[in-house]
Amino acid sequence: MVTKKPVGGPPEPNDDGIERQDGLQLRDGRPEPGTDAADPDDSGGPDDSGESGDSGGPISDAERELYGGRLRYDQMYLRHERPLSRMSFGRMAAALPRMVAMVFRTGRAADPRALTGVVVAQLGQGAAAAWGLFAVNNVLTELFAEGPTAHKLRESLPSLAVLGAASVITALLWAWSTAMSGRLQPQVERAVSARYYTAVTRVEVAATEQPEVQRVLEAGKFGTDSARRMLQLSVGVGNVLIGMVAAAVVLVSLHWVLLPMLLAIALPKGWGAVRSARREYASRQTWLDHRRAIASLLSSLTRPHAAGEIRVHAAGARLLSGYEEMSRQSEAEQRRLARAQATTDLVAGTFAGLASLGCYAMLWWLLASGSLPLAVGGTAVIAIRTSTARLTSLVQQVNQLYEQLLLLTDTETAIRVAGENAIPSTGTALPAAVDRVRVEELSFTYPGARSPALSGVSVTVRRGEVTALVGANGSGKTTLTKVLAGLLLPSEGCVWWEDGTGRRTELRDAARQDVFAQVGVLAQDFPHWEMTAAANVSIGVGDRTRDMPRVEDAARAADVLSLVEGLPHGWDSIVFKGYERGVQLSGGQWQKLGTARSLYRDAPFLLVDEPTSALDPHAEIAAFEGLWSLAGKGHAVVLVTHRLAATANADRIYVLDGGRLVEEGTHTELMADADGLYRGMFLAQAAQFGVTEPPGTGLVPRARRPAVPEETA
C-alpha cells in the first residue's frame, strides 16, 4: 500500500539540507576571530587601491586576475599573523616564563628523566662558563704579575688546567644536552600529536558542522609539532640566557662598574637585533598572501591533471607570466627590506661603537688610576664580547618561541574543544540480536541552518531487506543515512535499535561504539586512502588484524580482484600516483575497491550512497546484484540512489522531498499512484531511453528474498 505524506518546507540547497553561509563566520553578529573582517588592519583601501599598508603589500594585476585579490586561507591560525607583527619584543619576553612552563609540562609528561637531563646540562653549562671566566681572570692575574715570565707561566698552570677542565665539562654537558633533547623532542611531538588526533577523531559529526568548532579543530593541527620546536628553542634560549647571567655574575663579583658597561654595549646591539627581527617578520607576514599566490600558481604548473590545458589552452604561458610579475614585486620587497636592514645595522653599529668607545675609555681610566686590575679588565673584555655576540641569536629565538607558543596554545584549545564535543564513551548496550532500526518522527537541523534537513520522518530498516531512499538533491537522504549510522543524533524524535523480542535501545542512550560496530558505510565521496590496495580494503575493519583471504574474497565479490592482482605490485601497489609502486585508478575502479571495503567489513547494516555512479552499465548491474545478494544473506541494505531502475526490486522505498517523507511503498505500489512523485521521477528517467511505460522486471536484477533467522524475523 502506498503511503503519501504532505510536502512541507522549502527545498534544501544541498543533499544534506544544510544552508551554510559562505564567507564570514558570524557569532552574535560579529566576525569570528581569524576572518579578514575581524582584523581592523584589513579595512579600507589597500586591497582595492593596490597601495601597501599594514594589511598587506600591493596587489599585482596577476593576483587580481587569477585570484580576485589576496589569496588567504580560511583558517583560524591566521589570526596570529598580524598580532605577532604588531607585538613588541618586551611583551614577548614577558611571556617567556609561560612558554618555559608549557614546555616543562609537556616534557615532564613525555619523559621526565630526559627533561631533567636537559635542565641539569643547561645549568651545568652556565656554571662551567662562570667557572671558566674566573679561571681566565686568574690566568691573566698571574700573567700580569711582576716576576720572570717562566715563573708566571708556572703559577698560571693551575688556572689554565681549570680553564681546560671547564671547556671539557662544557663540551660534555653540551653533548649530553643534545642527546637528551634528541630523545625528548620526538616523544613530546608524538605525545601532543596523539592527544590532538585522538581527540578530534572522537568529535560528534554535528559539532564539526559548526564553523566556530571546526575552525578551532583545524587550527590545532598546525601546533602539533610546536612542542618539539619550543623544546629545541627553549634549550637555545636557556643556553644563551644562562651564559649571559653567568658572565654578569662574574663581572659584578670582579667590579660593580663592569655590569653597567656590559649593558651599555649590549643595549644598542639588542635594539638593532630586535628591530631587524621584527621588520623581517612583519615583511614576511605582510607578503604572506603574495607568496602564497606564487606557490599556488607554481604548483598548478606541475599537476598531472592540468597537463592538457596547460599545453593545449596555453594556460602555462599565462601562469608563467603571472609568476614573473609577482616575482618582480617580491624582489622589490627584498631590496626594500635589505636597505632598511642595512640602515638599522648601521645605526645600531654606530651607537654600539660609541658605547664601546665610552666603555673602553672608562676601562682605560680605571686601569690607569689603579682602580681596576689589568687582569680584571681583560676578563671584562672577554665577557662583554662573548655576551653581546649572542644577542641576535637570543632575539630571533624568543621571536620564534612565542610564535610556536601561540600555535601550541591552538592545539591545546582544540583538544579542550574536542573533549567538550566528544562522542560519549559509555552508554546502554544494544540488544544482542538487532534485526531492525525503527525511526519515529525524526527531525534534524544542522547547526546554524535556518530550516530542518529532516522533519517528521518515520522509516523502518529491516535485516534481510533492501530499503531504498529516493528523492531530489537536498531532500535529506544523506542526512537520514548519517542518523541511521549513529553519526548524527536526532533533534527531535527517536531512533530505536530493536530485536525480534521487543527489546530496544534508543540511539541517544546507546553506546555509540556498539552502533558503529553494527554499521558499514559507503558514502558517495568515500575516502581514497593513499595506501596499498590491500590497506584500502582492510581499513574497513581498521581495528582488526588484516585477513588476506577475506580481503581477496571481498575483492572478488566486488569484481576488482583481477584488476588488483594485475597491478605491477599486486596488493602492495599504492593506489595513488606519485609514490613508488603508485598507480592511478579510474573512478569506476575506485568505486569497486570501495565496495570491496564494505563487503570486507561484513556489517549487519550496510548504508550505501550512490554506489554505482562511476560504473559502466554491466558493472552497475553486477553491483546491484551483489547488494541484493547481501540482503539474501540477512544483511540490511539501505540504498541511496538516483538510478530508479535499481529501486524497482527494493523491498521498501521511501521518497523524501524537502526533508519530509512524502511517499513509501514498493515499486509496484508507488507506480500505481498516477500523481505520485516517485512515478514522475521514474518515468522522467525512462523517457531518456525512449520508454514511455514502466519497464518490465527484466531491466533490473530480481530481488533476493530475505533469509533472516526465524528468531529475528
Inset, instruction - Side-chain contact test, heavy atoms from C-beta onward, threshold under 4.5 Å: evaluate it for Val551 versus Asp547 and give yes or no. - result: no
Inset, instruction - Could you tell me whether the side chain of Val521 reaches within less than 4.5 Å of the side chain of Thr481, counting heavy atoms only? - result: no
Legend entry - Donor-acceptor pair, side chain of Arg679 and main chain of Met671, under 3.5 angstrom: yes
Inset, instruction - Give every residue pair that meets the ring pair (Phe, Tyr, Trp, His ring centres under 6.0 Å) criterion with at least one member in residues 525-555, sequence neighbours excluded. - result: Phe526-His528, His528-Trp590
Legend entry - Presence of salt bridge, Arg652 and Glu664, under 4.0 angstrom: yes
Pairs of donor and acceptor atoms involving the side chains of residues 570-579, under 3.5 Å and at least two apart or interchain, shall be tabulated with distances.
{"unit_1": "Ser573", "atom_1": "OG", "unit_2": "His569", "atom_2": "N", "d": "3.1"}
{"unit_1": "Ser573", "atom_1": "OG", "unit_2": "Gly570", "atom_2": "N", "d": "3.3"}
{"unit_1": "Ser573", "atom_1": "OG", "unit_2": "Gly570", "atom_2": "O", "d": "3.1"}
{"unit_1": "Tyr579", "atom_1": "OH", "unit_2": "Glu530", "atom_2": "OE1", "d": "2.7"}

Inset, instruction - Measure across Ala485 and Val519 and return the closest heavy-atom pair with its distance rounded to 0.1 Å. - result: CB-CG1, 3.9 Å
Inset, instruction - Give a yes or no answer on whether the side chain of His635 reaches the backbone of Ala603 with a donor-acceptor pair at less than 3.5 Å. - result: yes
Inset, instruction - Hey, could you give me the OH/CG distance between Tyr600 and Asp602, rounded to the nearest 0.5 Å? - result: 10.5 Å
Legend entry - ring pair (Phe, Tyr, Trp, His ring centres under 6.0 Å) contacts touching residues 461-499 (sequence neighbours left out): Trp497-Phe605
Legend entry - Spacing of Leu454 atom CG and Ser475 atom OG [to the nearest 0.5 Å]: 9.0 Å
Legend entry - Expected output: side-chain Glu669 to main-chain Thr666 donor-acceptor under 3.5 Å: yes
Legend entry - Sole candidate of Leu488, Leu442, Val457 that passes side chain to side chain contact (heavy atoms under 4.5 Å, CB included) when paired with Thr479: Leu488
Legend entry - Test item: Arg436 side-chain N/O and Val461 main-chain N/O as donor-acceptor pair under 3.5 Å: no
Inset, instruction - Evaluate the side-chain proximity of Arg463 to Pro604: yes if any heavy-atom separation is below 4.5 Å, no if none is. - result: yes
Legend entry - Nearest-0.5 Å distance that lies between atom CG in Leu487 and atom CZ in Arg512: 8.5 Å
Legend entry - Any donor-acceptor N/O pair, Lys477 side chain to Ala472 backbone, under 3.5 Å: yes
Inset, instruction - Kindly say whether Ala650 contributes a backbone atom to a donor-acceptor pair with the side chain of Thr647 at under 3.5 angstrom? - result: no
Legend entry - Distance-only donor-acceptor check, side chains Glu218 and Gln214, under 3.5 Å: yes
Legend entry - Spatial distance of atom CD (Glu506) from atom CG (Leu430) [nearest 0.5 Å]: 11.0 Å
Legend entry - Nearest atoms (heavy-atom pairs only) where Pro431 meets Thr505: CD-OG1, 3.6 Å
Inset, instruction - Answer with yes or no whether the side chains of Asp609 and Thr478 bring together a donor and an acceptor at under 3.5 Å. - result: yes
Inset, instruction - Output the distance between atom OH (Tyr446) and atom OG (Ser491), rounded to the nearest 0.5 Å. - result: 10.0 Å
Legend entry - Side-chain heavy-atom pair Glu610, His642 within 4.5 angstrom cut-off: yes
Legend entry - Min side-chain heavy-atom separation Thr224-Glu189 under 4.5 Å: no
Legend entry - Arg550: partners by salt bridge (Lys or Arg N to Asp or Glu O under 4.0 Å), with sequence neighbours left out: none
Inset, instruction - For Arg508 and Pro490, indicate whether the former's side chain and the latter's backbone hold a donor-acceptor pair under 3.5 Å. - result: yes
Legend entry - Nearest atoms (heavy-atom pairs only) where Leu630 meets Leu606: CD1-CD2, 3.6 Å
Legend entry - Polar side-chain atom of Ser443 near backbone of Gly456 as donor-acceptor pair, under 3.5 Å: yes
Inset, instruction - Kindly give the heavy-atom pair with the smallest separation between Met548 and Ala534, and that separation in Å. - result: SD-CB, 4.2 Å
Legend entry - Sidechain-backbone polar pair: Tyr678 side chain, Gly471 backbone, donor-acceptor under 3.5 Å: no
Legend entry - Heavy-atom side-chain contact between Pro424 and Gln513 under 4.5 Å: no
Legend entry - Inter-residue atom distance Thr208.OG1 - Leu217.CG, 0.5 Å rounding: 8.0 Å
Legend entry - side-chain hydrogen bond (donor to acceptor under 3.5 Å, both in side chains) involving Asp559 - partner list, sequence neighbours excluded: Lys592
Inset, instruction - List the atom of Ala433, the atom of Asp499, and the distance in Å for their closest heavy-atom pair. - result: O-CB, 3.0 Å
Inset, instruction - Let me see the working for His667 and Ile653 under side-chain contact (heavy atoms from CB on, under 4.5 Å), right down to the final yes or no. - result: CA-CA 7 Å; His667 172 75; Ile653 302 171; 4.0 Å; yes
Legend entry - salt_bridge(Arg556, Glu565) N-O dist < 4.0 Å: no
Inset, instruction - Quick one: closest heavy-atom pair of Val216 and Ala414, and the distance? - result: O-CB, 3.5 Å
Legend entry - Glu552: partners by salt bridge (Lys or Arg N to Asp or Glu O under 4.0 Å), with sequence neighbours left out: none
Inset, instruction - Compare all side-chain heavy atoms of Val537 with those of Ile539 and state whether any distance is below 4.5 angstrom. - result: no
Inset, instruction - Return yes if some donor-acceptor pair links the side-chain N/O of Gln685 with the main-chain N/O of Leu644 below 3.5 Å, else return no. - result: yes
Inset, instruction - Side-chain contact test, heavy atoms from C-beta onward, threshold under 4.5 Å: evaluate it for Leu489 versus Glu204 and give yes or no. - result: yes
